[in-house]
2 protein chains.
Amino acid sequence: MTDMLQRKPVSQVANSDCFTEESLTKLKEIMYEMRAESGNHLFWEGDTADKLYFLKRGQVKITKASDEGKSFILYVYNTGDLFGQVDPFQNSVHSFNAEVTENSIIGVIQQKDLEVLLWQHGDLAVEFMKWMGLMHRMTQTKFRDLMMFGKPGALCSTLIRLCNTYGKSHGSEIVITKKLTNSELADMIGATRESVNRMLGDLKRANIIAMENNYIVVKDLPYLRDICQCENCPVDMCRI
Amino acid sequence: MTDMLQRKPVSQVANSDCFTEESLTKLKEIMYEMRAESGNHLFWEGDTADKLYFLKRGQVKITKASDEGKSFILYVYNTGDLFGQVDPFQNSVHSFNAEVTENSIIGVIQQKDLEVLLWQHGDLAVEFMKWMGLMHRMTQTKFRDLMMFGKPGALCSTLIRLCNTYGKSHGSEIVITKKLTNSELADMIGATRESVNRMLGDLKRANIIAMENNYIVVKDLPYLRDICQCENCPVDMCRI
DNA sequence: TTTGTGATGTGATTTACATCACACTTCCTT
DNA sequence: AAGGAAGTGTGATGTAAATCACATCACAAA
């Protein structure tokens with residue numbers, strides 16, 4: 001376990017960090033484990049939303065497809081993240097798709113079981129609310145970043161979020177320890193691959209970022225911050 | 001169409017509807033009342049977020065200003081709505097401004113008092129989570145609508161949300177019983193006044209909407225739905 | 001080795017939307 | 001009743017980004 005932690009890319013903050021060890025244990029006790037292969041879907045839009053998912057290992061993207069076949073990536077969840085729709089006591093339906101993008105091990109929590117647990121443990125309920133609030137604020141700030149500062153601003157914001165999620169510091173440089181294609185970045189900001197390619201080219205030429213064996217290295221974080229009027233939000237909120 | 005419905009200001013659905021009568025009463029017991037004049041601010045970005053607000057009467061807009069002086073309206077809250085940032089057990093700071101846009105009577109809830117109440121009453125905590133989840137999903141779906149379907153899609157989505165919030169049915173027509181300027185609509189979708197004006201003009205010419213003594217009347221809701229690929233979400237989620 | 005496939009890089013063109021500029025309307029005020 | 005402010009409507013022009021159309025590159029599989 002400690003060994004595992006050491007090999008983990010540094011500075012990864014999982015959203016389950018807002019739970020205490022004990023609370024997380026309680027949650028784990030009501031999970032059942034499942035494996036999902038890359039390419040599968042945990043749920044589709046329109047499916048009943050009655051489960052939470054704890055990503056023990058792997059990656060899941062929450063996406064939305066438009067009629068014209070474009071795809072928008074709303075969130076990317078990684079090892080240690082908890083996700084799922086949680087208006088826990090109301091029949092409701094997913095508005096987005098959950099696409100497994102790496103072979104994953106997932107703990108599934110039934111809403112009914114969660115309800116019971118929350119009833120029994122006030123402290124867990126409180127942490128749960130904290131987690132919900134954090135997720136909501138993450139959505140709000142992302143919304144703001146993608147709406148208000150044009151495509152370059154959206155890209156810079158996304159690069160900052162990627163640093164917060166996958167970044168490993170080397171002096172003043174930050175390596176984003178996650179391979180990303182131009183198309184993936186495009187789908188995260190609602191732009192085209194070509195636009196992203198050109199913007200990245202501009203950033204490289206201006207020596208703001210660089211590529212090191214296909215990983216993006218951020219060399220001038222303050223510049224990125226400036227473009228999207230970054231307010232230096234807490235790292236656990238400013239994520240992908 | 002009964003007499004009552006006609007006289008009722010609107011088919012207004014308040015977000016506090018997800019609380020039971022008893023829960024709402026409990027919340028009201030820990031509020032202190034304050035009055036705020038149109039033009040004032042309840043909070044500014046950067047202020048500590050440690051209060052909830054219950055709008056007993058009036059209107060409050062949650063906005064974000066960019067460096068270039070543009071304003072983006074994220075939410076509009078009305079009589080009966082509960083709002084405020086609620087990651088209740090974490091020091092945090094507002095990312096948005098709360099601007100009072102009509103003289104208002106507001107119940108203020110201190111986070112500390114809320115904490116106590118949530119601890120004491122499991123059922124309230126549960127409803128509170130439901131409310132949080134609903135608010136989050138409202139943000140997510142708005143995000144989707146404003147990002148994915150261009151400015152016309154954003155406008156149509158906003159008109160639908162306005163129908164759900166302020167709409168009064170007259171046969172197949174829906175009157176949006178709220179005066180809105182082109183600039184206001186523009187700030188809600190991140191467009192310019194001129195663009196909104198032209199788009200509204202197009203919709204009028206196509207007989208999708210009409211103006212009746214300065215109120216917007218939606219004559220062809222299915223058309224609006226089509227443009228923004230509306231999935232017919234629950235009314236209490238699909239709001240302004 | 002060749003061939004196929006997914007990704008990157010870049011020019012030319014089109015489109016959506018913002019910006020600028022100004023006339024016109026409504027309604028408020030003194 | 002006149003003047004002003006706030007809002008609406010609309011042309012002309014500019015610009016960001018999408019679209020289209022290829023060339024190139026990396027690398028895995030046949």
Side-chain angles (χ1 to χ4, degrees), chain A residues 38-39 65-73 101-102 145-159 176 178-206 208-217 227-228, chain B residues 38-39 65-73 101-102 145-159 176 178-206 208-217 227-228:
Chain A
S38 177
S66 78
D67 284 357
E68 306 91 55
K70 284 195 213 167
S71 169
F72 177 63
I73 301 174
T101 46
E102 283 175 11
D145 292 349
L146 299 201
M147 285 292 298
M148 296 190 71
F149 312 117
K151 296 304 171 189
L155 180 61
C156 291
S157 156
T158 301
L159 289 172
I176 297 174
K178 178 89 194 169
K179 301 220 174 177
L180 295 152
T181 66
N182 291 351
S183 308
E184 246 178 317
L185 284 168
D187 287 347
M188 286 177 185
I189 66 176
T192 59
R193 178 193 69 77
E194 294 93 324
S195 295
V196 168
N197 186 275
R198 281 183 247 262
M199 288 188 285
L200 288 177
D202 291 345
L203 292 174
K204 280 176 214 163
R205 253 165 268 130
I208 312 298
I209 62 169
M211 297 303 293
E212 271 172 32
N213 48 312
N214 290 321
Y215 291 104
I216 298 173
V217 182
I227 295 297
C228 62
Chain B
S38 178
S66 78
D67 284 357
E68 306 92 55
K70 283 194 216 170
S71 169
F72 177 64
I73 300 174
T101 46
E102 284 174 12
D145 292 349
L146 299 201
M147 285 292 298
M148 295 189 71
F149 312 117
K151 296 304 171 189
L155 180 61
C156 292
S157 155
T158 301
L159 289 173
I176 297 175
K178 178 91 194 166
K179 301 222 174 174
L180 294 152
T181 66
N182 291 352
S183 308
E184 246 178 316
L185 283 169
D187 287 348
M188 286 177 186
I189 65 175
T192 59
R193 179 193 68 76
E194 293 93 325
S195 294
V196 168
N197 186 275
R198 281 183 246 261
M199 287 188 286
L200 288 177
D202 291 345
L203 291 174
K204 282 175 212 162
R205 255 165 267 129
I208 311 298
I209 63 168
M211 297 304 292
E212 271 172 31
N213 47 311
N214 290 322
Y215 291 104
I216 298 173
V217 181
I227 296 296
C228 62

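Nothing here was measured: the structure is a model prediction, and the numbers come from that model.
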The contact string for nucleotides 16-26 of chain C, one letter per nucleotide 5' to 3', using protein heavy atoms under 4.0 Å with B, S and - for base, sugar-phosphate only and none, comes out as -SSBB------

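As judged by a 4.0 angstrom heavy-atom cut-off over every strand, B:Lys179 is placed among residues making no nucleic acid contact. If you check every strand for non-hydrogen atoms under 4.0 Å, B:Asn182 touches sugar and phosphate atoms only.
In this structure, B:Lys178 is not positioned above the aromatic face of B:Tyr215 in the sense of NZ or CZ being under 6.0 Å from the six-membered ring centre and within 45° of the axis.
Annotation: the span from B:Leu185 atom CG to B:Leu180 atom CG amounts to 5.0 Å, rounded to 0.5 Å.
Side-chain contact between B:Met211 and B:Ile216 is present, with heavy atoms from C-beta onward closer than 4.5 Å. Residues B:Ile189 and B:Met199 form a side-chain contact, since some pair of their non-hydrogen atoms from C-beta on lies under 4.5 Å apart. Side-chain contact between B:Ile208 and B:Leu159 is absent, with no heavy atoms from C-beta onward closer than 4.5 Å.
Here the rule is salt bridge (Lys or Arg N to Asp or Glu O under 4.0 Å) with A:Asp202, and of A:Arg205, A:Arg198, A:Lys204 only A:Arg205 fits it.
Counting to the nearest Å, the C1' atom of C:dA7 and the CD atom of A:Glu184 are 12 Å from each other. Distance A:Ile209 CD1 to C:dT8 P: 12 Å, rounded to the nearest Å. D:dT8 atom P lies 8 Å from atom CE of B:Met211, rounded to whole Å. Whole-Å rounding puts the A:Asn213 CG to C:dA7 C1' distance at 16 Å.
Contact between the side-chain N/O atoms of B:Asn197 and the OP1/OP2 oxygens of D:dG9 is found at a separation under 4.0 Å.
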